[in-house]
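Worksheet: one structure, shown below.
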Protein chains: 2
Amino acid sequence: MSDLEVRQLRYFVAVAEELHFGRAADRLGMAQPPLSRAIRDLERQLGVTLLERTTRNVALTAAGEALLCDARTALDAVSAAEHRARNAGRPRPALRLALKADYDAGLLPGILAAFAREEAALPVELLMGNRGEQAPALRDGRADVALVWQPFDDRGIDTVPLHTESRFLAVAATDPLADKDSLYLADLSGRLLPYGSPAEEGNSSPPAGAMLFDLPQLLNLIELGEVVWFAPESVVRRHPRPGIAYRPVHDLTPSTMVVAWPRESRSPAVAAFVRTAVAVAGAAS
Amino acid sequence: MSDLEVRQLRYFVAVAEELHFGRAADRLGMAQPPLSRAIRDLERQLGVTLLERTTRNVALTAAGEALLCDARTALDAVSAAEHRARNAGRPRPALRLALKADYDAGLLPGILAAFAREEAALPVELLMGNRGEQAPALRDGRADVALVWQPFDDRGIDTVPLHTESRFLAVAATDPLADKDSLYLADLSGRLLPYGSPAEEGNSSPPAGAMLFDLPQLLNLIELGEVVWFAPESVVRRHPRPGIAYRPVHDLTPSTMVVAWPRESRSPAVAAFVRTAVAVAGAAS
DNA sequence: GGTCACTCATATCCGCAGGGTATCAATCGG
DNA sequence: CCGATTGATACCCTGCGGATATGAGTGACC
């Protein structure tokens, strides 16, 4: 009947994700035997078998699946408590805004300037991250509000759309694809980055081994013909390059940038930021 | 930089709620000195002072306020992981339905019968609780779905309205109030139960010392003239008593019963139950 | 204003939970 | 059939978290 502890949840999530006690122990920076014991004790405590294990295979039970999901959100909630308390304890707490560099559709300066004039304004701290890192940062309390492009994993997150724009295929000028004026998604099979593509599901866990790029790096790779990519119109306008061709793709849906915040947030600063962002985006369009 | 632990959060919440180390330690079933030390260590770990304390007074700082709120939800999330895993691990998991006895507006049998015919049906387990206990049960995972009367503290909870009905003042037949045909809320000042009254805020923390009643007990007390109460119409119809007078109150808003579930729930059984409940309630009205 | 009661902090001790190492046991590939 | 792999068991030991005793600051009351 004793309470579940964060450590137990961390251990279980590691094992459930790796499906391998050795690797999980490695990831946790500990030895395998105490991890095995911890999982066994956890199962005893819950009165539930979470993993079916042989010496050659580890698999989640239905209860394990359920716990994995709930444990992740619980760990996020604990992390959020920690991060928000840390921020709230600073002499002058900040509004921590997560975004992907160069992906603000040009709205950021206007939003920041307008927000600074708000009643509930706080100093704004920018958390530059790669695509897919904003939502987790909101969930675990590292950020208070974010600018994100849909689609993304919005569990536990509320959003308001700010700005919609069409996207273009960015491809090396020397690429055969650049010769066509008229493109469809089907023309690109196998050429897309595993994330940032329209086919991606909401769960944007970065695929193993995939490097994460900032925009200049990405543009370089495109110019070299290593990758192709869908560029929002605002990026096209702000980063023209002779070595890169931007081509419309007919069946590519436009992309929407939203302002996002943790659903349970009741911070007046966040509310003011959202209001400001919507107003600025509305005035700009 | 080490992780926050559940124990630390529990300790902090106890102190923050009691604002008294001795009483908090008492509530936690431990001695005061280790609790003081734990809080001090927590503050060191976060690098934040959570409580301003003198030997005569303990008060929350802003950071403490923030942490109290986030810690509560984090503790709920951990509890939810535990309870849901326990349920999912049973040979035949149940759909756990929380409600207040006798407050189903007569819809319960129909809903249960229809739900049993559903594809995704599970055995239903009823969690009878007092008013205000349903929402916490959803948040901490003891229940999967609930029937509740608005208003209630719906943080983290999604709802769909099922049924709206007007309420009547229930008062002893011998009470002077029973003589009036025409009543207003103003006539009742000071006569209301602290909960179940329309003046209550969403936070239905049961006031210290208030006993919680089941319906027969409550009706007894009303008959004895100890209390007055607002009875939903369906209760009036199903529990007529000679000793109790039911009187309309003109400025008393009708009350709505909703089906409620944790916002992040993605259980097909819950979805099916909600669908069924809406259908049955719609057909009944 | 001195004393008492109250309450939070400090000092010190102790048991055990939780981690490490060594080893066993089961299973699959060749 | 043997070896490699991998999870489980056995055992030890350190440090964390709890208890008790005591100190120290502060408001209340005579």
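Keep in mind it's a predicted model, so treat the numbers as computed, not measured. So you know, we letter chains A, B, ... as the sequences are listed, proteins then strands, and number each from 1.
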Run the side-chain donor-acceptor check on residues 32-40 of chain A: report pairs under 3.5 Å with partners two or more places apart or on a different chain.
| unit_1 | atom_1 | unit_2 | atom_2 | d |
| --- | --- | --- | --- | --- |
| A/Gln32 | NE2 | A/Ser36 | OG | 3.0 |

Review point. Is there any salt bridge (Lys or Arg N to Asp or Glu O under 4.0 Å) pair reaching into residues 57-69 of chain A, and which pairs are they, with sequence neighbours excluded?
Key: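 For residues 57-69 of chain A, and leaving out neighbouring residues, there are no salt bridge (Lys or Arg N to Asp or Glu O under 4.0 Å) pairs at all.
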Practice item. Using atom types as modelled and distance alone, determine if a side-chain donor or acceptor of B/Gln134 lies under 3.5 Å from a backbone N or O of B/Ala98. Key: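 No, because the side chain of B/Gln134 does not come within donor-acceptor range (under 3.5 Å) of the backbone of B/Ala98.
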Revision key, fill the gap. Per-nt protein contacts along nucleotides 22-28 of chain D (heavy atom under 4.0 Å; B base, S backbone sugar-phosphate only, - none) come out as ---BBS-
Check your understanding: Hey, what bend do you get for the helix from C/dG1-D/dC30 to C/dG30-D/dC1 if you fit axes on five pairs at each end, rounded to 10°?
Key ->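 Answer for the end axes of this duplex: 20°.
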Exercise for review: Output all residues satisfying ring-ring contact (aromatic ring centres under 6.0 Å, His included) with A/Phe273, sequence neighbours left out; order by chain, then residue number.
Suggested key: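 For A/Phe273 the ring-ring contact (aromatic ring centres under 6.0 Å, His included) partners, ignoring immediate neighbours, are A/Phe115.
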**Study point:** Partners passing side-chain contact (heavy atoms from CB on, under 4.5 Å) against A/Ser267 (at least two apart in sequence or in another chain)
**Key:**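 Here the qualifying residues are A/Ser265, A/Ala269, A/Val270.
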Practice item. With sequence neighbours left out, write down each residue that passes side-chain contact (heavy atoms from CB on, under 4.5 Å) with B/Pro136, or none if nothing qualifies. Key: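 B/Arg139, B/Arg142.
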Under the salt bridge (charged side-chain N to carboxylate O under 4.0 Å, His left out) test, which residues partner [X], sequence neighbours left out?
{"X": "A/Arg90", "value": "A/Glu125"}
{"X": "A/Glu5", "value": "none"}
{"X": "B/Asp41", "value": "none"}

Review point. Can you list, by residue number, the residues of residues 7-17 of chain A that have a non-hydrogen atom closer than 4.0 angstrom to DNA chain C?
Key: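 Per residue number, the list reads A/Arg7, A/Tyr11.
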Per-pair distances, 0.1 Å, donor-acceptor, side chain in residues 72-79 of chain A, under 3.5 Å, sequence neighbours excluded:
| unit_1 | atom_1 | unit_2 | atom_2 | d |
| --- | --- | --- | --- | --- |
| A/Arg72 | NE | A/Glu17 | OE2 | 3.0 |
| A/Arg72 | NH2 | A/Glu17 | OE2 | 3.1 |
| A/Thr73 | OG1 | A/Asp70 | O | 3.1 |

